[in-house]
Every structure is written in C-alpha cells, then in structure tokens.
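Take a look at the structure set out below.
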Amino acid sequence: PEEELHDIEEFDEGLVAELRKRANDGLLVKQIAEEQERLMKEPAEDLLAMEGMDEETAKKLAAHGIRSMEDLAECAVDEVMEVPDLEIEEERASALIMTARAPWFAEESGGGSDSRAEG
C-alpha cells in the first residue's frame, strides 16, 4: 500500500510514485503474457469452422500448437495422431489434413488469376 511506502523514511513522493508505476507496469506485462499464452492454446476460427472438425478435436490440436487450418495443412498424419489426448483414426486425421490443404490446391488450379483481388 502507498501509505506503507510513505512510512519509509528514505522514500519521497517521487520514489513512491515511480515504484508504484513500475509495479503496475510489471503487473500489466504479466497480464498480457498470460493472455497471449491463453490465446495460443485456443483454436483459430478457420480451424473451428473447417468441414469435418469438431470443437473438442480443434481444442486438443490447438493445445498442441496446431491452431489454424494452415497449421493443420502443414502436418503429417503421424503428427496429428501423436497429439496427446486426441484419439483419432488415421483415416480421419488424413481427411482433416486434406480438407485443411484444400485452399492450397484451389490456389494452384486458379490459373494464375486471383479472383479475391477483384471486386
């Protein structure tokens, strides 16, 4: 408490204010870090909305660092099957990965024009 800091003989108003500012800054940094850590364990919207995906599977993948469709698309079937607490058959893991890779194939077959850039 501020009153206790003022009771210390060597602490003037400026030092008390600086100590409180630094303490608040430290708490803010800690809070931001905790929030970022929490967000890094949450699945991205595209993974949650992906065809064939369910919320439980998406959360288990995200907790293992596979947060988005792009992350999943870059995985091998073995990597997905090795996710802790995720009981998944090889066929389903493969199907999810291929669904996540579908945008890659759509871009390749686009014939060089990007329809997203138009309109």
Side-chain angles (χ1 to χ4, degrees):
E2 193 171 344
E3 300 81 35
E4 289 182 23
L5 293 174
H6 286 293
D7 290 342
I8 300 173
E9 216 174 283
E10 292 83 20
F11 288 11
D12 63 13
E13 287 291 324
L15 183 57
V16 168
E18 182 63 24
L19 288 172
R20 291 187 52 79
K21 178 187 175 301
R22 288 184 186 191
N24 285 331
D25 289 349
L27 289 172
L28 182 59
V29 167
K30 181 180 177 187
Q31 186 177 18
I32 290 169
E34 289 171 354
E35 179 67 9
Q36 286 177 330
E37 185 176 326
R38 184 191 67 76
L39 289 174
M40 291 306 294
K41 293 181 181 178
E42 290 291 320
E45 287 299 318
D46 67 340
L47 187 66
L48 284 167
M50 192 179 91
E51 183 179 332
M53 183 61 65
D54 60 82
E55 187 174 350
E56 180 182 352
T57 300
K59 286 185 175 189
K60 288 179 180 180
L61 290 170
H64 191 65
I66 304 168
R67 294 190 56 245
S68 67
M69 279 181 63
E70 185 72 20
D71 293 340
L72 181 57
E74 293 173 354
C75 288
V77 173
D78 292 348
E79 290 176 90
V80 173
M81 293 182 68
E82 292 172 1
V83 170
D85 299 323
L86 179 63
E87 295 180 21
I88 188 168
E89 295 177 8
E90 185 174 349
E91 186 176 315
R92 180 163 185 243
S94 178
L96 289 173
I97 291 169
M98 291 308 293
T99 299
R101 290 179 180 171
W104 292 357
F105 301 120
E107 288 174 9
E108 287 177 7
S109 67
S113 70
D114 189 354
S115 61
R116 293 174 292 176
E118 299 172 8

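Being a predicted model, the structure only gives us computed values, none of them experimental.
Side chain of Asp25 to backbone of Arg22: no donor-acceptor contact under 3.5 angstrom is found. Formation of a donor-acceptor pair under 3.5 Å by the Ser94 side chain with backbone atoms of Glu90 is not found in this model. In this structure, Arg67 contributes its side chain and Leu47 its backbone to no donor-acceptor pair below 3.5 Å.
The line from CG of Leu48 to OG1 of Thr57 is 10.5 Å long, rounded to the nearest 0.5 Å. In this structure, CG in Asp7 is found 11.0 Å from CD in Glu2, a value given to the nearest 0.5 Å. Put simply, CD on Glu70 and CH2 on Trp104 are 5.5 Å apart, with the number rounded to the nearest 0.5 Å. The CD atom of Glu51 sits 10.0 Å away from the CG atom of Leu96 when rounded to the nearest 0.5 Å. Between the CE atom of Met53 and the NZ atom of Lys59 there is a distance of 13.0 Å, given to the nearest 0.5 Å. The distance from the NZ atom of Lys60 to the CD atom of Glu55 is 12.0 Å, given to the nearest 0.5 Å.
Of all heavy-atom pairs between Phe11 and Val16, the closest is CB-CG2, 3.9 Å. When all heavy atoms of Pro103 and Ala100 are compared, the pair lying nearest together is CD-O, 3.3 Å. Nearest heavy atom pair, residue Pro43 against residue Ala58, reads CB-O, 3.8 Å.
Crowding of Glu45 atom CD: a count of heavy atoms from other residues, nucleotides or ligands under 6.0 Å not exceeding 12.
In the hydrophobic cluster analysis, where Ile, Leu, Val, Met, Phe, Trp and Tyr join through side-chain heavy atoms closer than 4.5 angstrom, Leu15 is grouped together with Ile8.
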>> Using the rule given for side-chain contact (heavy atoms from CB on, under 4.5 Å), can you reason through Asn24 versus Leu28, listing the C-alpha separation, both sets of side-chain angles and the distance that settles it, and then say yes or no?
In response: CA-CA 6 Å; Asn24 285 331; Leu28 182 59; over 6 Å; no

For a quick test of your reading: what N or O donor-acceptor pairs under 3.5 Å do the side chains of residues 72-88 make, sequence neighbours left out?
from: Glu79; atom 1: OE2; to: Ala76; atom 2: N; distance (Å): 2.7

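With sequence neighbours left out, Glu3 forms a side-chain hydrogen bond (donor to acceptor under 3.5 Å, both in side chains) with no residue at all.
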